[in-house]
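Here the structure comes first, spelled out in structure tokens, and everything after it is commentary.
Note that these values count all heavy atoms, side chains included, but never hydrogens, waters or copies made by symmetry. All values reported here derive from a predicted model rather than from experimental measurement.
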Amino acid sequence: MNLFRPRSPEVQRSPSRRASENKNTTLWVIEDTYEGQTFFKYVNIFYFLRDSVLMKFVSLSTFDFYTGPDPTNFVNQSTAFAGGLAYVTSDNKVIMKGDNTTWLAEGVNRSSVRISSQAVYNTGLFVLDLDMAPWGCGSLLLFYFSALYNGEIDIIEGVHDNEHNQVTWHTAPGCNLTATANFTGTIVQTNGVDNLQCDALIDNNAGCGITEWSRASYGSYFDSQGGGVFAMKWDASGIAVWSFYRAAIPQDITQGLPDPSTWGEPVAALPPTHCNILQYFTNHSIIFDITFCGGFLQHIQKW
């Protein structure tokens with residue numbers, strides 16, 4: 001996964017500044033990369049003197065493993081590595097999975113992993129390449145950006161054996177989807193009415209969601225096509241999400257020079273028309289989560 005920051009070729013900009021609204025003058029400069037052998041750890045080496053001896057300090061972590069209470073037994077880093085639930089292959093493929101081999105006694109929660117980045121982000125262009133994603137009855141796969149009380153952006157929200165990914169936003173009261181915005185997906189409805197309120201305090205924290213039209217966006221067909229790429233552009237002009245199955249990944253992405261202005265309409269978009277993006281979404285960590293059962297899945301009528 002790569003994070004890019006905007007920079008204008010005409011005017012030098014600080015990485016913390018948002019992208020120019022002129023799509024033709026925005027360059028995206030890579031800032032962070034999570035991949036391969038360094039996905040779960042990075043090495044920052046600091047040298048300092050102590051009693052006239054040169055000492056070395058090494059920092060070795062990029063993600064925290066969540067182990068709090070949940071219907072899923074989320075395990076810590078050492079348990080995940082020892083049990084084969086998180087590892088990196090010799091050809092640099094990052095693997096995260098839930099336990100799919102253990103026969104459990106009644107009432108015992110199945111083990112899985114949920115990780116969150118130590119780094120926090122405010123705007124940017126994020127590109128995730130997946131070879132495959134877990135799916136199946138009673139499972140929930142999430143790739144999202146979140147901060148306590150500061151909004152949540154679910155880029156991948158796949159449940160059970162559904163074939164269509166759902167992009168969802170959860171916020172404090174006052175942030176709403178714009179039904180007339182340009183995107184190719186379909187707004188999630190309740191009783192035939194569009195869920196436009198992203199307010200996490202109503203409707204069992206359903207948020208405001210958009211379902212992708214492509215059945216290659218999640219599930220067995222996504223995996224059979226070799227996976228694909230998900231991209232999110234997040235700035236003051238809104239939050240937009242694209243997905244591309246393996247054979248349709250734009251060349252600019254594969255070359256490491258992403259240009260969202262050439263990707264066409266996003267599958268989902270939250271414009272600032274009825275939601276102040278920079279107010280409702282701040283200081284987000286990157287989170288990967290494979291959940292079994294739980295409150296959200298109880299509200300999805302598909303088994």
Working for side chain to side chain contact (heavy atoms under 4.5 Å, CB included), residues Val88 and Lys93:
CA-CA 5 Å; Val88 181; Lys93 301 291 186 182; over 6 Å; no
Look at the SG atom of Cys275 and the SG atom of Cys175, then say if they are under 2.5 Å from each other.
yes
Show every donor-acceptor pair shorter than 3.5 Å between a side-chain atom in residues 247-258 and any protein atom, with sequence neighbours excluded, or say none if there are none.
| residue | atom | partner | partner atom | Å |
| --- | --- | --- | --- | --- |
| Asp252 | OD1 | Trp263 | NE1 | 3.4 |
| Asp252 | OD2 | Asp259 | N | 2.9 |
| Asp252 | OD2 | Trp263 | NE1 | 3.0 |
| Thr254 | OG1 | Gln251 | O | 2.8 |

Any donor-acceptor N/O pair, [X] side chain to [Y] backbone, under 3.5 Å:
X	Y	result
Ser285	Ser117	yes
Arg246	Ser224	no
Thr282	Gln279	no
Asp154	Ile156	no
Asn165	Glu157	yes
His284	Val120	no

Might you confirm whether atom CG of Asp91 has over 12 heavy atoms from other residues, nucleotides or ligands at distances under 6.0 Å?
yes
Residues Phe74 and Asp289: closest non-hydrogen pair is CZ-OD1, 3.3 Å
Closest non-hydrogen atoms of Pro266 and Val241, given as atom of the first, atom of the second and distance, are CB-O, 3.2 Å
Scan for ring-ring contact (aromatic ring centres under 6.0 Å, His included) pairs involving residues 88-129, sequence neighbours excluded, and state none if there are none.
Tyr121-Phe126, Phe126-Phe145
Linked, directly or transitively: Tyr66 and Ile290 (ILVMFWY side chains, under 4.5 Å):
no
State plainly whether one hydrophobic cluster holds both Ile155 and Ile187, where clusters connect Ile, Leu, Val, Met, Phe, Trp and Tyr through side-chain heavy atoms under 4.5 angstrom apart.
yes
Mutual orientation of the aromatic rings belonging to Phe222 and Phe230 [parallel < 30°, tilted 30-60°, perpendicular > 60°]:
tilted
Which word best sums up how the rings of Phe39 and Phe63 line up, parallel for under 30°, tilted for 30 to 60°, or perpendicular for over 60°?
parallel
Run the side chain to side chain contact (heavy atoms under 4.5 Å, CB included) test on Lys233 and Trp242 for me, step by step, so that the C-alpha distance in whole Å, both residues' side-chain angles and the decisive distance to 0.1 Å come before the verdict.
CA-CA 9 Å; Lys233 184 171 76 73; Trp242 291 261; 3.9 Å; yes
Distance-only side-chain donor-acceptor flag, Asn122 / Asn283, under 3.5 Å
yes
Which residue is it: Thr79, Thr102, Asn100, Asn73? I am looking for the one with a side chain to side chain donor-acceptor pair (under 3.5 Å) to Ser111.
Asn73
Please determine whether side chain to side chain contact (heavy atoms under 4.5 Å, CB included) holds for the pair Val188 and Gln166, giving the CA-CA distance in whole Å, both sets of side-chain angles, and the decisive distance to 0.1 Å.
CA-CA 9 Å; Val188 175; Gln166 180 175 309; 3.6 Å; yes
Evaluate the side chain to side chain contact (heavy atoms under 4.5 Å, CB included) criterion for residues Phe183 and Ile210: first the C-alpha distance (whole Å), next the side-chain angles of each, then the deciding distance (0.1 Å), finally the verdict.
CA-CA 9 Å; Phe183 50 83; Ile210 296 174; 3.8 Å; yes
